[in-house]
K.L.:
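Please find one structure pasted underneath; my questions will follow.
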Number of protein chains: 2
Amino acid sequence: MTFIDRPLVGENKISDATVRRLSLYYRSLKYAYDRGMRTISSQELADMNNLTAAQVRKDLSFFGAFGRRGLGYYVADLQRNIARIIGINKTWNVALVGAGNIGRALLDYDQFRQQGFLIKVLFDNDPTKIGKTFQGLEVKDFGNVAEEIKQNKIKIAIIAVPAQFAQSVVDRLIGCKVRAVLNFAPITLQVPENIWVRNENMAIEIEALSFALTNRRDPTRTI
Amino acid sequence: MTFIDRPLVGENKISDATVRRLSLYYRSLKYAYDRGMRTISSQELADMNNLTAAQVRKDLSFFGAFGRRGLGYYVADLQRNIARIIGINKTWNVALVGAGNIGRALLDYDQFRQQGFLIKVLFDNDPTKIGKTFQGLEVKDFGNVAEEIKQNKIKIAIIAVPAQFAQSVVDRLIGCKVRAVLNFAPITLQVPENIWVRNENMAIEIEALSFALTNRRDPTRTI
DNA sequence: AATTGTGAACCTCTTCACAGCT
DNA sequence: AGCTGTGAAGAGGTTCACAATT
């Protein structure tokens, strides 16, 4: 059955790791459906992501009882449910701050668009960039951030500016009622309790590989 | 004192979370040194990264006793030690597969270069791209991957190709003795036990923000 | 007086194992 | 017979609290 029988907020705490895995399951279900699978077992979902079947069932069980004993999960049904749980059953307008290399690459990043994250405004503070157009989107002056954010009803912003500017950018965004930030700057942002930040630090990931090759004997896998 | 008094391999298991935090400490130490700080306490390092002082001390203690009671840590000394632990006290030659938007953005990503990850070869399989030059690097035919990898003594590769090609690319790279992979394709790669993979999935991060805004009341911070 | 290094306590996440359902 | 859902057990990671050191 397709209902959520538990509260998702407050003291009922869904771990970060579980949330990340939901995204993996969502992709696996898409993949499975495209290949004609109409039901899928926790074991199959686990195998596709190098996890255990118990882990998959436990993760899903936090949100409801989506499966059928003896059968597994209906692929389309579970996919819809996960989309709703993650909040990608609708679109999100997103602001992107920073029209440098990373920013411009993200403008054309299919995975965002496909999951309903639509980059609606592109900001920079460089006068030589303001007014230019990338991927059909005009670079706006970050000085006018407030009105653009409001006009586009933006709750999620992506920060792709050099480290030294990132904190002031996030402060300004929060002042404009932005609630969540995907941060590509290699610095830990200080934000109030009610603001969400995820850091995308590619150097940290490659450094973890360096550490592994330098020190470790046996590999472990991570998301 | 600056020595490592514990084995870093085998049953002595350093958690992934600790390794990621080492990278954060390394950046914080750089920042602190640039601002003239010569010693730093675990509390200061913690504050810079929204962690606890105990966490910082515990992480460092896995590798040795680097601090001085009553004083803290010598900034330059600790930075050097962490660089050596992570394995970024030398340079790594890196191969980049995929000359699309993401790949080209990474070519010019300062954080890689600064930490000694040098992209030495750029591959693609698109005949319209092969032979072109981006950031001074000529796109090579992925068909010739073996010789280029060998010539450049490459152990770490970055995969920035569409999802459907990622598995065959990684299989091929492993055949060329590549030991570690930073994967930007939104798919779980299947690799042998002795190969290291880190996934950089930007859609997963933004989906975590969507989940938070959709479901959660109280923010938590993550790396 | 200040701060580290660390065993122990605590907490969180994962895995086990099996009852319960189809 | 097959597979889920879940309480309990187990493993792993974080925080506490304090002795040790400068």
Side-chain angles (χ1 to χ4, degrees), chain A residues 1-6 11-22 24-25 29 32 37-47 49-75 77-78 81-82 208 218 220-223, chain B residues 1-6 11-22 24-25 29 32 37-75 77-78 81-82 218 220-223:
Chain A
M1 295 287 87
T2 66
F3 59 91
I4 293 181
D5 61 3
R6 288 150 187 267
E11 50 283 1
N12 155 287
K13 27 178 175 203
I14 303 299
S15 83
D16 220 65
T18 291
V19 175
R20 298 173 68 90
R21 286 190 298 262
L22 287 180
L24 296 181
Y25 304 152
L29 290 164
M37 292 173 68
R38 290 300 173 259
T39 63
I40 195 166
S41 67
S42 57
Q43 186 61 61
E44 288 173 306
L45 270 172
D47 290 343
N49 296 288
N50 295 331
L51 302 167
T52 66
Q55 180 77 84
V56 173
R57 295 200 300 276
K58 183 65 98 181
D59 283 338
L60 297 176
S61 77
F62 291 131
F63 302 98
F66 303 117
R68 288 201 172 210
R69 293 167 199 237
L71 180 69
Y73 303 87
Y74 287 113
V75 175
D77 177 59
L78 185 56
N81 271 289
I82 293 179
D218 304 297
T220 53
R221 314 294 161 63
T222 43
I223 292 172
Chain B
M1 295 288 88
T2 66
F3 59 92
I4 293 182
D5 61 3
R6 288 149 188 266
E11 49 283 0
N12 155 286
K13 30 186 171 201
I14 303 300
S15 83
D16 220 65
T18 292
V19 175
R20 298 173 69 89
R21 286 191 298 263
L22 287 180
L24 296 181
Y25 304 152
L29 291 164
M37 291 173 69
R38 290 300 174 260
T39 64
I40 195 166
S41 68
S42 57
Q43 187 63 59
E44 289 172 306
L45 270 171
D47 290 343
M48 293 169 85
N49 295 288
N50 295 332
L51 301 168
T52 65
Q55 179 78 84
V56 173
R57 294 199 301 275
K58 183 65 100 180
D59 283 339
L60 297 176
S61 77
F62 291 132
F63 302 98
F66 303 118
R68 288 203 173 208
R69 294 169 198 234
L71 181 69
Y73 303 86
Y74 288 112
V75 174
D77 178 59
L78 185 56
N81 272 289
I82 293 179
D218 303 297
T220 53
R221 314 295 161 62
T222 44
I223 291 174

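We name chains A, B, ... by the order of the sequence lines, and we start the count at 1 in each one.
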K.L.:
Take the protein atom CG of Asn50(A) and the nucleotide atom P of dT15(C), then report the distance between them rounded to whole Å.
P.N.:
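Rounded to whole Å, this separation is 12 Å.
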K.L.:
Considering non-hydrogen atoms only, spot the tightest contact between Thr52(B) and Ala46(B) and give its length.
P.N.:
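So the minimum-distance heavy-atom pair works out to C-CB, 3.4 Å.
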K.L.:
Taking CG from Asp59(A) and P from dT12(C), how many angstroms apart are they, rounded to a whole number?
P.N.:
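Whole-Å distance recorded here is 17 Å.
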K.L.:
Is the shortest heavy-atom distance from the side chain of Phe62(B) to the side chain of Thr18(B) under 4.5 Å?
P.N.:
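Result yes, sub-4.5 Å side-chain heavy-atom pair found.
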K.L.:
Taking the side chain as C-beta and beyond, is there a heavy-atom pair between Leu78(A) and Leu60(A) under 4.5 Å?
P.N.:
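Heavy-atom side-chain distance check passes, below 4.5 Å.
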K.L.:
Between Gln55(B) (CD) and dT6(C) (P), how many Å, whole number?
P.N.:
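Answer to the nearest Å: 15 Å.
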K.L.:
Think Tyr73(B) has a side-chain N or O under 4.0 angstrom from the OP1 or OP2 of dG5(C)?
P.N.:
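It does, given that an N or O in the side chain of Tyr73(B) lies less than 4.0 Å from OP1 or OP2 of dG5(C).
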K.L.:
Expressed as a whole number of angstroms, how long is the span from Gln43(B):CD to dT4(C):P?
P.N.:
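Value for this atom pair: 9 Å.
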K.L.:
Locate the shortest heavy-atom distance separating Tyr25(A) from Val56(A); write the atom from each residue and the value.
P.N.:
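Looking at all heavy atoms of both residues, the shortest contact is OH-CA, 3.5 Å.
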K.L.:
In whole Å, I'd like the distance from the CG atom of Asn81(A) to the C1' atom of dG5(D).
P.N.:
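Going from Asn81(A) (CG) to dG5(D) (C1'), I get 16 Å.
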K.L.:
Is there a side-chain polar atom (N or O) of Ser42(B) under 4.0 Å from OP1 or OP2 of dT4(C)?
P.N.:
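Yes, such a contact exists.
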K.L.:
Once hydrogens and angles are ignored, does a donor-acceptor distance under 3.5 Å link the base of dG13(D) to the side chain of Lys13(B)?
P.N.:
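Absent.
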K.L.:
Taking atom P of dT6(D) as reference, at what distance in whole Å does atom CZ of Phe66(A) sit?
P.N.:
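So the CZ-P distance, Phe66(A) to dT6(D), works out to 11 Å.
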K.L.:
Do you know the tightest heavy-atom contact between Arg57(B) and Tyr73(B)?
P.N.:
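Closest heavy-atom pair between Arg57(B) and Tyr73(B): CG-OH, 3.7 Å.
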K.L.:
What heavy-atom pair brings Met37(A) and Val75(A) nearest, and what distance separates the two atoms?
P.N.:
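That closest heavy-atom pairing would be O-CG2, 3.6 Å.
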K.L.:
So if I take every side-chain heavy atom of Lys58(A) and compare against dT6(D), dG7(C), dT4(D), which nucleotide ends up nearest?
P.N.:
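The answer is dT6(D).
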K.L.:
Closest nucleotide of DNA chain C for Ala53(B) versus for Ser15(A): which of these residues is on the 5' side?
P.N.:
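The answer here is Ala53(B).
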K.L.:
To the nearest angstrom, how far is Phe63(A) atom CZ from dT6(D) atom P?
P.N.:
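Taking CZ of Phe63(A) and P of dT6(D), I get 13 Å after rounding.
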K.L.:
For residues Asp59(A) and Leu51(A), determine if any side-chain heavy atom of one lies less than 4.5 Å from a side-chain heavy atom of the other.
P.N.:
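Side-chain contact under 4.5 Å: no.
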K.L.:
Give the B/S/- string for nucleotides 17-22 of chain C, one per nucleotide from 5' to 3', where a protein heavy atom under 4.0 Å of the base yields B, of only the sugar-phosphate yields S, and otherwise -.
P.N.:
B-BBBB
K.L.:
Could you give the CG-to-P distance, from Asp16(B) to dC13(C), as a whole number of Å?
P.N.:
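Between P of dC13(C) and CG of Asp16(B): 15 Å.
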